[in-house]
Amino acid sequence: MPLLGSLPAFGKNPLAFFEQLRDRGDIVRWRFGRKPSLFIAHPDTVGELLTEVERTFDQPDLGIAFRTLLGNGVIVSKGADWRRKRSLVQPSVRPKQVRSYAATMSECAVALADRWTDGQHIDIKKEMAALTQLVAVRTIFGVDTAADAEAIGQAMDVAQKEIGAEFSGIGAVLPDWLPTPGRARIKRATAVIDAEVSRVVSRHRDGDTERPDLLSRLLAARDETGAPLSDQEIRDETVTLYIGGHETTSSTLVWAWYLLSRNPGVRDALAEELDRVLADHEPGYDDYASLTYTQAVIKETLRLYPTIWLITGLAKEGATLGGAPVPAGTRVWSSQWATHRDPRWYGDAEAFRPERWIERDGEPAEEIPEYAWFPFGGGPRVCLGTRFALVEAVLILAVLARRYHLDVTTGEILPVPSLTLQPDRDVLATVRARG
């Protein structure tokens, strides 16, 4: 359409739109408003985009709503600024540090399991959101009150909905200076988040004791010149880590319960592993490596319902894809949703089959190309919280599924692409104690 290009079709259903583009070829030209764009679906070209970021592809501007929430954190910063911030944030989420947070993840899940009863009716979205919010405020902020989790969580819910609405709607082509009701809502939500983060940062700085949480590690971090992160940088990275540690895990667990309820054979195989590996103890970090089927359930969930469903890049001078030049300024789009469900890379691609990720006699069950699965991105800008998110999802699922099945009573649930991939309704279920 004039001025809008393919934006109306994209905005109506981004996931279906990207599947349609995928079926037209591995590199497809389209227009996002007036901006020339390429869509890529083949793992080889996806890998080129992800590994060439910072060299021949740049981070594009993702819109005023996105910037309002995330500021200039490590996800959106560029060049030397991005390299500095990544070097300061990365030590906080290395495997050694994730190990120290695993006990909190398991303890919070055990407390929830103790509250559930056989036959209880629950909303899985609310239960998983509350659980991962509690894990986040404990591990990131070092606080442990329901008020902290609720205030930040409610504001985050508003913010992510507005980001999704603006990104896939007419707001994507409106100038930044133009006020809209959605932009007003995200500003109010961000003000709540900023106030909470500022209050917790002040509490940390006034304390006399060393804390083991992520925020304390950020406050103590120093770059090669000895300079710390500024207050604004602390705020931006804290919000980024919160989204990675709460939003992505919460969404993944909701989809996992939904898929398990619809696939009783997988649910039984999961229960068998949990009984065999854990016996009479709750899972901890040292059990993670042994829970191979539980990991496969999470990995297959992330294939079918990737929390992050879209990655884009902006071509610089000299950019190429598949050996062909890409004009500078072209926006390149890739979608985990489209590539993860491509029948060229996955047998029975629409089916929930964790077994495809299990090795047999040292060989993978399916030969899946590199970058045919990229829920956390890849290359130099791969998500820093990948290990944190995977360990959290596996341990929480292990704690809860060891004691209960959840029978989802809602009908078919459709994904809604906002900041993360969310269910289109409440996910209602009945708790069933395992006999």
Side-chain angles (χ1 to χ4, degrees), residues 102 105-135 248-284 287-288 290-305 307 348 350-358 389-415 421-435:
M105 298 169 184
S106 186
E107 288 166 6
C108 290
V110 168
L112 176 61
D114 288 342
R115 292 195 297 273
W116 280 355
T117 59
D118 186 37
Q120 180 181 354
H121 300 294
I122 63 170
D123 182 333
I124 301 178
K125 280 177 64 176
K126 291 181 180 178
E127 295 284 331
M128 294 302 102
L131 174 56
T132 58
Q133 281 171 13
L134 184 58
V135 172
T248 59
T249 307
S250 173
S251 176
T252 299
L253 287 166
V254 171
W255 290 117
W257 288 118
Y258 172 66
L259 290 166
L260 287 166
S261 180
R262 294 167 69 91
N263 294 271
V266 174
R267 188 167 68 181
D268 291 345
L270 172 64
E272 186 280 327
E273 174 177 88
L274 297 176
D275 291 343
R276 173 170 43 82
V277 173
L278 299 177
D280 59 353
H281 72 275
E282 300 291 357
D287 298 300
Y288 178 80
S290 300
L291 295 171
T292 55
Y293 194 81
T294 314
Q295 290 184 49
V297 167
I298 295 299
K299 196 167 186 177
E300 181 73 345
T301 299
L302 284 165
R303 182 185 73 82
L304 286 170
Y305 295 98
T307 311
D348 202 4
E350 298 293 324
F352 181 54
R353 285 177 39 196
E355 293 77 12
R356 72 176 84 242
W357 302 104
I358 303 294
L390 288 173
V391 169
E392 182 182 16
V394 167
L395 292 184
I396 288 176
L397 183 63
V399 167
L400 298 175
R402 180 168 166 261
R403 298 198 205 178
Y404 302 103
H405 295 319
L406 296 185
D407 289 334
V408 176
T409 54
T410 318
E412 183 182 7
I413 298 171
L414 300 177
L421 200 65
Q422 295 290 325
D424 67 342
R425 71 189 80 174
D426 293 340
V427 184
L428 307 178
T430 301
V431 176
R432 302 293 186 194
R434 289 186 57 216

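As the structure is a prediction and not an experimental result, all values here were calculated from the model. The figures that follow rest on heavy atoms only: side chains count, while hydrogens, waters and symmetry mates do not.
Contact check on R403 versus D114 returns a salt bridge, with a Lys/Arg side-chain nitrogen under 4.0 Å from an Asp/Glu carboxylate oxygen.
Counting only distance, with no hydrogens or angles, the side chain of E300 and the backbone of R356 share no donor-acceptor pair below 3.5 Å. Proximity of a side-chain donor or acceptor of S261 to a complementary backbone N or O of D407 within less than 3.5 Å is not detected. When atom types are taken as modelled, the side chain of T409 and the backbone of L428 share a donor-acceptor pair closer than 3.5 angstrom. The main-chain N or O of L260 is never found under 3.5 Å from a side-chain atom of N263 such that the two would form a donor-acceptor pair. Between the side chain of D424 and the backbone N or O of I413 there is no donor-acceptor pair closer than 3.5 Å. Judged by distance alone, the side chain of Q120 and the main-chain N or O of T430 form no donor-acceptor pair under 3.5 Å. A donor-acceptor contact shorter than 3.5 Å is absent between the side chain of R402 and the backbone of A271.
Minimum interatomic distance between A433 and D118 (heavy atoms only, all atoms of both residues): N-OD1, 3.0 Å. Nearest heavy-atom pair across A393 and I298 is CB-CD1, 3.9 Å. Considering all non-hydrogen atoms of both residues, G284 and L395 come closest at O-CD2, 3.6 Å. The nearest pair of heavy atoms linking L278 to A398 is CD1-CB, 4.4 Å. Between R434 and A401, the closest heavy-atom pair is CD-O, 3.4 Å. Heavy-atom minimum distance, W257 versus M128: NE1-SD, 3.6 Å.
L112 is not listed as a side-chain neighbour of V110, based on a closest heavy-atom distance of 4.5 Å or more. Side chains of L397 and L270 form a contact here, defined as non-hydrogen atoms less than 4.5 Å apart. Within the 4.5 Å cutoff, no side-chain heavy atoms of P415 are placed close to those of Q422. Using a 4.5 Å cut-off on side-chain heavy atoms (C-beta onward), Q295 and L390 make no contact. Side-chain contact check for K299 versus P354: every heavy-atom pair is 4.5 Å or farther apart. Contact of the V277 side chain with the T292 side chain is not registered, since no non-hydrogen atoms from C-beta on lie closer than 4.5 Å. Counting heavy atoms from C-beta outward, F352 and T301 have side chains that approach closer than 4.5 Å.
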**Item:** Step-by-step side-chain contact (heavy atoms from CB on, under 4.5 Å) determination, V408 to R262
**Value:** CA-CA 8 Å; V408 176; R262 294 167 69 91; over 6 Å; no
**Prompt:** Do V266 and D268 pass the side-chain contact (heavy atoms from CB on, under 4.5 Å) test, and can you show the C-alpha distance, the side-chain angles, and the key distance before you say yes or no?
**Reply:** CA-CA 5 Å; V266 174; D268 291 345; over 6 Å; no
**Request:** Show your reasoning for whether side-chain contact (heavy atoms from CB on, under 4.5 Å) applies to W357 and V297.
**Result:** CA-CA 9 Å; W357 302 104; V297 167; over 6 Å; no
**Asked** Do D426 and K126 pass the salt bridge (Lys or Arg N to Asp or Glu O under 4.0 Å) test, and can you show the C-alpha distance, the side-chain angles, and the key distance before you say yes or no?
**Response** CA-CA 8 Å; D426 293 340; K126 291 181 180 178; 5.2 Å; no
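Side-chain atoms of T307 and T252 include a donor-acceptor pair closer than 3.5 Å. Defined by atom type and a distance below 3.5 Å, a donor-acceptor pair is missing between the side-chain atoms of E282 and S106. No hydrogens or angles considered: a donor-acceptor pair under 3.5 Å links the side chains of E273 and T294.
With values rounded to the nearest 0.5 angstrom, L131 atom CG is found 12.5 Å from I124 atom CD1.
With sequence neighbours left out, E127 forms a side-chain hydrogen bond (donor to acceptor under 3.5 Å, both in side chains) with W116. Listed by chain and number, the residues in a side-chain hydrogen bond (donor to acceptor under 3.5 Å, both in side chains) with S290 amount to none (sequence neighbours excluded). Residues passing the ring pair (Phe, Tyr, Trp, His ring centres under 6.0 Å) test with Y293, sequence neighbours excluded: none.
Relative orientation of the W255 and Y305 rings is parallel, given thresholds of 30° and 60° on the angle between their planes.
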